[in-house]
Structure formats: structure tokens, C-alpha cells
Amino acid sequence: MAATVSFQLNGRAVAPEADGDTPLLFLLRNQFGLKATRFGCGNEDCGACVVDIDGHARHACTTPLVALAGAQVTTAEGLPAHPIGAALLAAFAQEHAGQCGYCLSGILMAAFALLRANPAPNRASIVAALDGHLCRCGAHGGILRAVERAAASLAAATP
Ligand code: FES
Ligand code: FES
């Protein structure tokens, strides 16, 4: 059934109309033109589609439009406007984390949710937060170092 659902998308009020079962991933890519969020499996198995919803890492491939009423949704396109997001982007570039990049927006969003909840995660916490994210390029080492670098840079910037 068609539904119009109001929520915040990267700090902007939106109210898309679509079938209520439409996955957020399809809305992001096809209705809003936000292509950073990727389709991998469609089944919560790869993490490529992860976005931040109300401070939590969520799979956009299985989150329906009707579940978004009043939510705050952040995608990778929204990261530069947020201090934690900007720190992550800089750290991933400095560590040359990733190769093809297909997995990275989902990983960045999971790391974003982690650092929002826990500004000083240890290696085990980072591994746990990224555990559901597949990277076929095997770039895991650089990715873990990048999250640690982002946390350290944010801590150094805190008075
Ligand atoms: S596309 Fe959503 S987890 Fe793979
Ligand atoms: S960098 Fe290629 S899949 Fe992760």
C-alpha cells in the first residue's frame, strides 16, 4: 500500500511517497539519487547497505519505508558535515583503507555509529562492530587502523 512517510535524511526533512514495504536502500538510490549506499545481498549478510538510523547501524536493504517515521537517517553522503564522519573520511584516506571501495560506505556508517556511542573503542570493539561487513578485497587491516586513527584524532581534538 502506498505511504507518505516523513523523516530526516542527512539533516534535511523528506517525505517520500512509495509502497510502504519499499526498502530504504531503493529510496536512497532511486528516489533521492544517493548512490553511496550499496546493494550487495539484500539479506543482511554483507553490510554494504548499512546506514545510521537514530544512532544505530541499520541495514537499508531490509528497512521498509513505513519504519522510518520521524527517524534521523544518515548516509555516507552526510558524513562530511559531522565531526565524527569527517574524521573517519580523513582517517580512511590516510590509511589507504579499502581497494575497490564497494564495502566502504557500509563500513564507514557502522564505524560512525560505533564512534557516536563509544568514542574510545578498543580493537575488539571495532572488530565486533564491523563483524557483519564483508570485504572481498581483504582490506580489513587498513580499515581497522583507520577507525582507530579516527578515534585518536577525535580524542586529540577534544579539549
Ligand atoms: S545489501 Fe544489505 S546486508 Fe547486503
Ligand atoms: S575494499 Fe573492495 S570490497 Fe572492501
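If you're wondering where the values come from, they're calculated on a predicted model, not measured in any experiment. Both ligands and their constituent atoms are indexed starting at 1 by order of listing. These values consider heavy atoms only, across backbone and side chains, with no hydrogens, waters or symmetry-generated copies.
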Item checked: Same cluster (ILVMFWY, side-chain, under 4.5 Å), V50 and L104 -> yes
Next item on the list: Number the atoms of ligand 1 from 1 as they appear, then name those within less than 4.0 Å of a heavy atom of C46, with their elements.
Entry: 1 (S), 3 (S), 4 (Fe)
Next item on the list: Can you label the angle between the F26 ring and the F39 ring as parallel, tilted or perpendicular, going by 30° and 60°?
Entry: tilted
Check: So if you build clusters from Ile, Leu, Val, Met, Phe, Trp, Tyr with side-chain heavy-atom gaps below 4.5 Å, do V127 and L130 land together?
Finding: yes
Check: Looking at L24, L25, T74, T63, which one forms a side chain to side chain contact (heavy atoms under 4.5 Å, CB included) with V51?
Finding: L24
Next item on the list: List every atom of ligand 1 that sits less than 4.0 Å from any heavy atom of D45, numbering the atoms from 1 in the order shown and giving each element.
Entry: 3 (S)
Next item on the list: Show which atoms of ligand 2 fall inside a sub-4.0 Å distance from at least one heavy-atom site of G98.
Entry: 1 (S)
Check: Are D19 and T22 close enough that a side-chain donor and a side-chain acceptor fall under 3.5 Å?
Finding: no
Next item on the list: Among all protein heavy atoms, pick out the one at the shortest distance from atom 1 (S) of ligand 2; state its residue, atom name and that distance to 0.1 Å.
Entry: Q99 N, 3.1 Å
Next item on the list: Would you kindly specify which portion of T62 sits under 4.0 Å from ligand 1, judged on non-hydrogen atoms: side chain, backbone, both or neither?
Entry: neither
Check: Which heavy atom of the protein is the closest neighbour of atom 3 (S) of ligand 2, given with residue, atom name and distance?
Finding: R136 N, 3.4 Å
Check: Would C61 count as a contact for atom 2 (Fe) of ligand 1, in the sense that one of its N, O or S atoms lies under 2.8 Å from it?
Finding: yes
Item checked: Contacting atoms of ligand 1, where contact means under 4.0 angstrom from a heavy atom of C49 -> 1 (S), 2 (Fe), 3 (S)
Checklist line | Residue E44 vicinity, atoms of ligand 1 by number, heavy atom under 4.0 Å | finding: 3 (S)
Next item on the list: Would you mind listing which atoms of ligand 1 come within a distance below 4.0 Å of any non-hydrogen atom of G40?
Entry: 1 (S)
Notebook entry, point to check: Which of the atoms in ligand 1, numbered in the order shown and given with their element, are less than 4.0 Å from a heavy-atom of C41?
Noted result: 1 (S), 3 (S), 4 (Fe)
Check: Should L89 and L34 be counted in the same cluster of Ile, Leu, Val, Met, Phe, Trp and Tyr side chains packed under 4.5 Å apart?
Finding: no
Item checked: Criterion side-chain hydrogen bond (donor to acceptor under 3.5 Å, both in side chains) against T75, the qualifying member of D52, N10, T37 -> N10
Margin query: For the CZ atom of R145 and the CZ atom of R123, what is their distance to the nearest 0.5 Å?
Written below: 7.5 Å
Item checked: Heavy-atom pair of closest approach, residues S105 and A48 -> OG-O, 3.9 Å
Next item on the list: May I ask you to check whether C100 brings an N, O or S atom to under 2.8 Å from atom 4 (Fe) of ligand 2?
Entry: no
Checklist line | Result of checking I107, L115, L114 against L88 for side chain to side chain contact (heavy atoms under 4.5 Å, CB included) | finding: L115
Notebook entry, point to check: Can you tell me if H59 has an N, O or S atom under 2.8 Å away from atom 2 (Fe) of ligand 1?
Noted result: no
Margin query: I'd like to know if atom 2 (Fe) of ligand 2 has an N/O/S atom from C103 within less than 2.8 Å of it, counting both backbone and side-chain atoms.
Written below: no
Checklist line | Per-atom contacts, ligand 2 versus G101 - under 4.0 Å to a heavy atom | finding: 1 (S), 2 (Fe)
